Amino acid sequence: MQSLEAPHPPTTAPTALTSSFRELVGLLVGPRFGIRVAPLLRDLGTDPGFFGPDSATWRVAREPLFILCAGRALLMQLAHPLIAQAVADHSDLERDPLGRLVRTGRWLIAVMFGTRAEAIAAIREVNVLHRRVRGTLAADNASRGFDADTPYVASDPALARWVHATIVQSMLVMHDTFVGGLTMADRDALVREWNAVALLMGVSAELLWPGAGALDSYIAAQVQRLDRAPPASRAAARIVLNPPLPTEAARPAFSAAAFLTIGMLPAPFRQCFGVRWTRANRGWYAGVTRSLRSLHRRVPRRYRSSGIYVLAMRRCAGRFASEQS
């Protein structure tokens with residue numbers, strides 16, 4: 001696989017980089033292993049929010065490798081020239097990529113596992129930020145179907161629809177790749193469960209999908225349309241796949257995560273980001289994912305549920321409040 005190195009040295013202050021790294025690890029493993037986690041679920045009530053223990057979303061999001069779907073979704077979003085331009089113009093991705101990933105993780109946790117009030121607050125916060133993100137496409141980033149000076153605004157329903165679609169489909173791809181076992185009814189249910197979130201994010205009802213098949217068809221059509229990534233897309237992808245780290249000892253784990261994330265991308269997107277996916281890469285990827293699915297079936301459930309999921313289940317059962325008192 002072709003190496004994707006960050007185009008610039010890290011500019012994040014070492015203390016901020018270390019803080020973001022520690023919180024990211026906390027988000028991954030949760031509090032059960034003694035790693036301090038920011039108080040993400042603050043509401044002591046038992047309200048399960050938009051999803052809940054019986055939802056397809058919680059079944060998928062409880063997996064420890066769930067975080068990989070965030071990387072896939074972000075890369076797919078960055079293939080869109082207008083989104084890549086918005087990131088270049090307004091985002092701190094280059095300065096603080098780990099911090100950006102942490103904030104994305106906080107948002108996902110609030111929306112998926114928070115009470116309805118916590119989820120709505122997180123969505124409203126993002127909507128306020130998006131209304132201020134606007135500009136025009138630079139000539140260097142113009143591509144097929146997107147001319148120079150094309151205006152963009154992050155709250156555009158068409159862009160919100162693409163972002164929403166990448167998140168939902170990436171959840172399904174992650175589960176299919178590393179766990180398996182979802183039925184078509186499960187997949188359709190997850191897509192429909194997220195419609196309530198999409199509506200609050202500004203996606204109109206007529207732009208939503210009745211099930212996973214319709215969502216996949218929409219994604220496939222967009223992949224063909226967005227198969228020529230502009231320079232801003234490639235630059236952002238390099239940062240996502242090879243962020244600055246507070247210690248190089250963590251590099252092998254991040255490189256492995258990047259490899260798995262790239263493998264989940266549609267082939268045209270790997271090509272448009274400049275990643276050379278060889279026959280050897282395909283073989284390694286197939287072997288690793290097959291081994292992970294096999295291992296998943298052998299490990300008891302209590303050892304393969306994310307810490308945040310366990311915390312959310314305790315809260316729904318009424319045990320969270322007593323533990324915090």
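Reckoned from all heavy atoms, side chains included, excluding hydrogens, waters and symmetry mates. These numbers were taken from a predicted model, which means no experiment stands behind them.
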Task: CA sep, side-chain torsions, deciding dist, call: Phe51, Trp194, ring-ring contact (aromatic ring centres under 6.0 Å, His included) - done: CA-CA 9 Å; Phe51 304 106; Trp194 276 80; 5.2 Å; yes
Open item on the list: Working to the nearest 0.5 angstrom, can you tell me the gap between Ser155 OG and Arg134 CZ?
Closed with: 6.0 Å
Open item on the list: Holding to salt bridge (charged side-chain N to carboxylate O under 4.0 Å, His left out), I want the full list of residues that pass it with Glu248, two or more places apart in sequence or in another chain.
Closed with: Arg251
Open item on the list: What's the separation between atom CG in Leu65 and atom OG1 in Thr261, rounded to the nearest 0.5 Å?
Closed with: 10.0 Å
Task: Contact list for residues 168-189, test ring-ring contact (aromatic ring centres under 6.0 Å, His included), sequence neighbours left out - done: none
Task: Sub-4.5 Å side-chain heavy-atom contact between Leu137 and Pro81 - done: yes
Task: Leu190 side chain reached by Val60 side chain, heavy atoms, under 4.5 Å - done: yes
Task: Gln85 side chain to Asn141 backbone, donor-acceptor under 3.5 Å - done: no
- [ ] To the nearest 0.5 angstrom, please state how far the SG atom of Cys316 sits from the CG atom of Asp54.
- [x] 9.5 Å
Open item on the list: Quick check: is Leu129 connected to Val197 through a chain of hydrophobic side chains (ILVMFWY, heavy atoms under 4.5 Å apart)?
Closed with: no
Open item on the list: Quick one, Thr136 with Thr150, criterion side-chain contact (heavy atoms from CB on, under 4.5 Å). Give me CA distance, side-chain angles, the key distance, then yes/no.
Closed with: CA-CA 5 Å; Thr136 58; Thr150 298; over 6 Å; no
TODO: Would you name the heavy atoms of Thr166 and Val163 that are closest together and state the gap between them?
DONE: OG1-O, 2.7 Å
Open item on the list: If you compare all heavy atoms of Thr177 against all heavy atoms of Tyr285, which two are closest, and at what distance to 0.1 Å?
Closed with: CG2-OH, 3.3 Å
- [ ] Identify the two heavy atoms, one from Gly202 and one from Pro157, that lie closest to each other, and give their separation to 0.1 Å.
- [x] O-CB, 3.7 Å
Open item on the list: Holding to salt bridge (charged side-chain N to carboxylate O under 4.0 Å, His left out), I want the full list of residues that pass it with Asp156, two or more places apart in sequence or in another chain.
Closed with: none
TODO: Mark yes or no for whether Arg192, through its side chain, and Gly211, through its backbone, hold a donor-acceptor pair below 3.5 Å.
DONE: no
Task: Pro53 and Met313, any side-chain heavy atoms less than 4.5 Å apart - done: yes
- [ ] Measure the OG-CE distance between Ser170 and Met76 for me, rounded to the nearest 0.5 Å.
- [x] 6.0 Å
TODO: Could you give me the CA-CA distance, side-chain angles and deciding distance for Phe66 and Met112, then say whether side-chain contact (heavy atoms from CB on, under 4.5 Å) is met?
DONE: CA-CA 12 Å; Phe66 176 82; Met112 290 188 303; 3.5 Å; yes
- [ ] Apply side-chain contact (heavy atoms from CB on, under 4.5 Å) to the pair Leu74 and Gln77, showing each step before the final yes or no.
- [x] CA-CA 5 Å; Leu74 179 56; Gln77 292 162 22; 4.1 Å; yes
Task: Gap separating the CZ atom of Phe146 from the CG atom of Leu82, nearest 0.5 angstrom - done: 5.5 Å
TODO: Can you sort out the partners of Ala119 under side-chain contact (heavy atoms from CB on, under 4.5 Å), two or more places apart, ordered by chain and number?
DONE: Phe50
TODO: Grab the two heavy atoms, one from Thr57 and one from Met171, that are nearest each other, plus how far apart they are.
DONE: CG2-CE, 3.9 Å
Open item on the list: Between Trp58 and Phe113, is the ring centroid distance below 6.0 Å?
Closed with: yes
- [ ] Could you please spell out the steps behind the salt bridge (charged side-chain N to carboxylate O under 4.0 Å, His left out) verdict for Arg315 and Glu118?
- [x] CA-CA 14 Å; Arg315 183 169 72 169; Glu118 287 175 317; 3.1 Å; yes
Task: Side chain proximity check, Asn242 to Phe254, heavy atoms < 4.5 angstrom - done: no
Task: Plane angle bin for His164 and Trp209 - parallel if under 30°, tilted between 30 and 60°, otherwise perpendicular - done: parallel
Task: Interatomic distance, Asp47 atom CG to Thr115 atom OG1 [nearest 0.5 angstrom] - done: 5.5 Å
TODO: Answer with yes or no whether the side chains of Arg59 and Ser55 bring together a donor and an acceptor at under 3.5 Å.
DONE: no
- [ ] Please check if any side-chain donor atom of Arg187 sits under 3.5 Å from a side-chain acceptor atom of Thr183, or the reverse.
- [x] no
Task: N/O donor-acceptor pair under 3.5 Å between Ser294 side chain and Arg290 backbone - done: no
Task: Side-chain heavy-atom pair Val191, Leu172 within 4.5 angstrom cut-off - done: yes
Task: Stepwise side-chain contact (heavy atoms from CB on, under 4.5 Å) test for Leu75 and Leu241 - done: CA-CA 9 Å; Leu75 288 171; Leu241 292 169; 3.8 Å; yes
Could you list the donor-acceptor pairs under 3.5 angstrom formed between side-chain atoms of residues 223-232 and any protein atom two or more places apart in sequence or on another chain?
| residue | atom | partner | partner atom | Å |
| --- | --- | --- | --- | --- |
| Arg225 | NH1 | Gln222 | OE1 | 3.3 |
| Asp227 | OD1 | Arg144 | NH2 | 2.6 |

- [ ] Check whether the ring centres of Phe269 and Trp277 lie less than 6.0 Å apart, and answer yes or no.
- [x] no
Task: Side-chain heavy atoms of Ile120 within contact of Arg116, under 4.5 Å - done: yes
Task: Check: Ala88 main-chain N/O paired with Ser91 side-chain donor or acceptor under 3.5 Å - done: no
Task: Asp186 to Ala56 - nearest heavy-atom pair and separation - done: O-CB, 3.6 Å
Task: Non-neighbouring partners of Arg72 that pass salt bridge (charged side-chain N to carboxylate O under 4.0 Å, His left out), sequence neighbours left out - done: none
Task: Electrostatic pair Asp92:Arg103 at N-O distance under 4.0 angstrom - done: yes
Open item on the list: Test salt bridge (charged side-chain N to carboxylate O under 4.0 Å, His left out) on Asp176 and Arg293; report intermediate values, then the result.
Closed with: CA-CA 9 Å; Asp176 290 342; Arg293 288 193 299 273; over 6 Å; no
Task: Residue pair Phe273 / Arg238, side-chain heavy-atom distance below 4.5 Å - done: no
Task: Test item: side-chain donor near acceptor, Asn281 and Thr278, under 3.5 Å - done: yes
Task: Minimal non-hydrogen separation, Ser305 against Val310, with atom names - done: CB-CG2, 4.2 Å
Open item on the list: One thing to verify: whether Arg131 and Glu125 come together as a salt bridge, which I'm taking to mean a side-chain N less than 4.0 angstrom from a carboxylate O.
Closed with: no
Open item on the list: Taking the side chain as everything from C-beta on, heavy atoms only, tell me whether Ser233 gets closer than 4.5 Å to Cys272.
Closed with: no
